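Notes for the one structure printed next.
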2 protein chains.
Amino acid sequence: MDFLQQLGPVALGSRLRRLSEQLTAEAAGIYADYGLNFQPRWYPVFYLVAQQPGIASNEVAEQIGHTHASVSQIVKELLRHELLTMTPDPQDQRRRRLQLTARGHEVLPHLRAQTADVRRSMDELLAETEPSLWSALHAFEQQLRRQPLRQRVAAARQRRAAAPVVLRDYRAGDQPAFRQLNVDWIARYFTLEPADLKALDHPQEYILAPGGAILLAEIAGEVVGTCALLRMPETGSYELAKMAVSPAVQGRQIGFLLGQAALQRVRELGGRRVYLESNSVLTPALSLYRKLGFQPLAQPLPSPYARADVQMELLLP
Amino acid sequence: MDFLQQLGPVALGSRLRRLSEQLTAEAAGIYADYGLNFQPRWYPVFYLVAQQPGIASNEVAEQIGHTHASVSQIVKELLRHELLTMTPDPQDQRRRRLQLTARGHEVLPHLRAQTADVRRSMDELLAETEPSLWSALHAFEQQLRRQPLRQRVAAARQRRAAAPVVLRDYRAGDQPAFRQLNVDWIARYFTLEPADLKALDHPQEYILAPGGAILLAEIAGEVVGTCALLRMPETGSYELAKMAVSPAVQGRQIGFLLGQAALQRVRELGGRRVYLESNSVLTPALSLYRKLGFQPLAQPLPSPYARADVQMELLLP
DNA sequence: TATTTTTGCGTAAGTACTTACACAAATACT
DNA sequence: AGTATTTGTGTAAGTACTTACGCAAAAATA
């Protein structure tokens, strides 16, 4: 329940469906209150036949906006409940003309009375709610007709694809995105270790405060890549870590851009050496590091990460 | 389509359902656009498992507001598509903990990108529509929570039952109600004849203009009974006709009240004799006429109505 | 006039959920 | 400790529609 709300308008479809189901359930209860052995879904068909006796099921479907199959099923039930009669049209043997039975005529006024009560209540209910659901629905449907959601999303996607990559420094509100991108990335190839979460949950404390830096890549206002520099004990040495790029923006060289920016930042900070740890299965990452100028370390160093089996360094000129 | 709109807010449930279905269909198309082999209805389950790995299906159901049965089915499909894994909880053998597979992790960022695009488009769409569907839905749901529709309708019904019967003269806008009550009544016992429709479609011309009258019974602003006086060729003679009362208000003596008012009106018009035609199968109507003082006519007169086999008259003192 | 296409209708199966029921594991109660 | 209840899960069937398909009658076309 809480989650759906967090999802927000993305789950509008579900929300509408649930409300519709609720109303249908209430409608069934209301019929029961009026002592009518009548299903809510019969209503449009039955009412239309009452208004236009002799109508064919085909026309009913068209007028109420259902498929003929749906109408056919409802008519079958109404026939079974002896509320309708069906006779073939003498002019056209395919058509079946529908009419109310005596019992149908008996039920009709009660149905009308009930409908009048429902209409009154519904009108009141809709008048009470501000803004009006009725006109909001109308406006929404109109907008949707003007341009379907699918087209809108396609356009949004294209705008995103066309938007430039922006590199910038970590700011206060970036922690969730920073964490998510890294957690997604780690969970994809390895299993998350407690050591991972320390820095991801408290980047300010573990990365920035000791003199490091975090760089983010942003597309259309959304963070799509991260990369961190941790100041190492040796003077002038920095560790390149937390390099994570959303696979959804693959092929846009975001890892390379982040790496270059990180090296530039090390230069600005007066650093001379950059070190990193990775894993031999991550071949695309390794080739990226090589492209940036990193060289494998001959002598392995102790590491807090179980998954690190590759160590590289780069000495800045 | 036209008909549904005429039905108005009574069919709100159907309208919401249709809109929801439309959105779901669009969602499926959007997934296809992103090259994702992913069903819209998987989304909440999948996304929640991604956010909270190791969650039990029970908790998923609770958080997304579906039944556990629904979640169970969706999980089954996700397992089949190798997007999720399910392992029994060692602490509690009943619980099954859910987690994303490697493939699930692969899909996740694409899904996230797509969701971001959908969210942006949907936010725009909702912002474009004035009044806002989102807040209107919220307000409506809140009102409905405060008092369910069923209760509202019950209250409306009660108000209607408690409302007094008002007798009044026919006015310009009354023709549809006048016609409907009579058509319903005739169609219930007989078949409609062209002669019926003449007076019902043009009461002003056929009844009022020649010096007759139409009386209506109203409850809570709704016409529930009709009765007409037609001036007959003989001086001082009137025919009582178009006596129709909605069966939904049976037992409230509306026929009797209308009859009494009609006789009073004849007196006011200076008439001395009232005549009527009816059918022998309509025993409740016949006893009503007797109660009003009508006597069967010994000698039958010619009648334009095929169904008239009883003729009565009343001589005012 | 014979054949093809269209139209009206019915049935079957699918959809995205629900309610109803069954079953075993865990917990509460005596 | 033994039984009763609760809880977590799965399956079956229902709901209110849909799409897909088949059949026969009517209309269009050759």
Side-chain angles (χ1 to χ4, degrees), chain A residues 4 11 13-29 31 38-46 54-80 84 86-98, chain B residues 4 11 13-29 31 38-46 54-80 84 86-98:
Chain A
L4 243 175
S14 296
R15 189 170 175 186
L16 290 173
R17 178 174 228 282
R18 217 177 287 177
L19 183 54
S20 146
E21 253 160 30
Q22 194 187 334
L23 286 174
T24 312
E26 293 224 54
Y31 282 107
F38 201 91
Q39 302 281 329
R41 74 174 183 291
W42 296 348
Y43 185 83
V45 174
F46 183 80
I55 194 172
S57 61
N58 194 19
E59 296 162 43
V60 173
E62 208 175 301
Q63 289 200 45
I64 68 175
H66 285 183
T67 57
H68 81 269
S70 165
V71 171
S72 183
Q73 285 168 36
I74 292 170
V75 163
K76 209 165 83 180
E77 281 177 65
L78 286 167
L79 289 173
R80 200 147 40 72
L84 247 50
M86 192 167 71
T87 43
D89 188 326
Q91 257 83 59
D92 184 340
Q93 292 288 318
R94 292 168 307 178
R95 302 182 68 200
R96 264 119 239 235
R97 315 183 105 249
L98 300 170
Chain B
L4 243 174
S14 296
R15 189 170 175 185
L16 291 173
R17 178 175 228 281
R18 216 177 288 177
L19 183 54
S20 146
E21 252 159 31
Q22 194 188 334
L23 286 174
T24 311
E26 294 225 54
Y31 282 107
F38 201 90
Q39 303 281 330
R41 72 174 186 291
W42 296 349
Y43 185 81
V45 174
F46 183 80
I55 195 172
S57 61
N58 193 21
E59 295 162 46
V60 173
E62 207 173 302
Q63 289 199 48
I64 68 175
H66 285 183
T67 57
H68 80 270
S70 165
V71 171
S72 183
Q73 286 168 34
I74 293 171
V75 163
K76 211 164 83 179
E77 281 177 64
L78 285 167
L79 289 173
R80 201 145 40 72
L84 247 51
M86 191 167 69
T87 43
D89 188 327
Q91 258 83 60
D92 185 339
Q93 291 289 319
R94 294 169 307 178
R95 303 182 67 198
R96 263 120 239 235
R97 316 183 105 249
L98 300 169

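Please read these numbers as outputs of a predicted model, since none were measured by experiment.
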Is the shortest distance from a Lys or Arg side-chain nitrogen in A:Glu21 or B:Arg17 to a carboxylate oxygen in the other one below 4.0 Å?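 Looking at B:Arg17 together with A:Glu21, the answer is no, because their closest N to O distance does not fall below 4.0 Å.
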Please state how far atom CG in A:Leu16 lies from atom P in C:dA16, giving the value in whole angstrom units.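 It is 16 Å, rounded to the nearest whole Å.
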Atom CG of B:Leu98 and atom C1' of D:dG8: how far apart are they, to the nearest Å?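 That distance rounds to 12 Å.
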Between A:His68 and B:Glu59, who's closer to the 5' end of DNA chain D by nearest nucleotide?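 Going by which nucleotide is closer to the 5' end, it is B:Glu59.
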So do B:Leu16 and B:Ser20 actually touch side chain to side chain, heavy atoms under 4.5 Å?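 Side-chain contact under 4.5 Å: no.
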Where each residue is assigned the nucleotide of DNA chain C containing its nearest heavy atom, which of A:Arg17 and A:Gln73 is assigned the position nearer the 5′ end?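 The residue closer to the strand's 5' end, by nearest nucleotide, is A:Gln73.
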Find which nucleotide of DNA chain C each of B:Asp92 and B:Ile74 is nearest to by heavy atoms, and output the residue with the more 5' nucleotide.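 Per heavy-atom nearest nucleotide, the more 5' residue is B:Ile74.
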Counting side-chain heavy atoms from CB outward, which of C:dC9, C:dC17, D:dA25 is closest to A:Gln93?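 Out of C:dC9, C:dC17, D:dA25, the nucleotide with an atom closest to A:Gln93's side chain is D:dA25.
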For the side chain of A:Thr67, counting heavy atoms from C-beta on, which of D:dA16, C:dT19, D:dT19 is nearest?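 For the A:Thr67 side chain, the nearest candidate turns out to be D:dT19.
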Do the side chain of A:Arg94 and the base of C:dT7 come within less than 3.5 angstrom through a donor-acceptor pair of N or O atoms?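 Looking at the base of C:dT7, it does pair with a donor or acceptor on the side chain of A:Arg94 (distance under 3.5 Å).
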D:dT9 base / B:Arg96 side chain donor-acceptor hit below 3.5 Å: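 It does not, because no donor-acceptor pair links the side chain of B:Arg96 to the base of D:dT9 below 3.5 Å.
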Using the ring of each side chain (for Trp, its six-membered ring), is A:Tyr43 parallel, tilted or perpendicular to A:Phe38, with breaks at 30° and 60°?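 Taking A:Phe38 first and then A:Tyr43, their aromatic rings stand perpendicular (interplane angle over 60°).
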Check every strand shown and say whether B:Ala69 touches a base, only sugar-phosphate, or nothing at a heavy-atom separation below 4.0 Å.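 Base contact.
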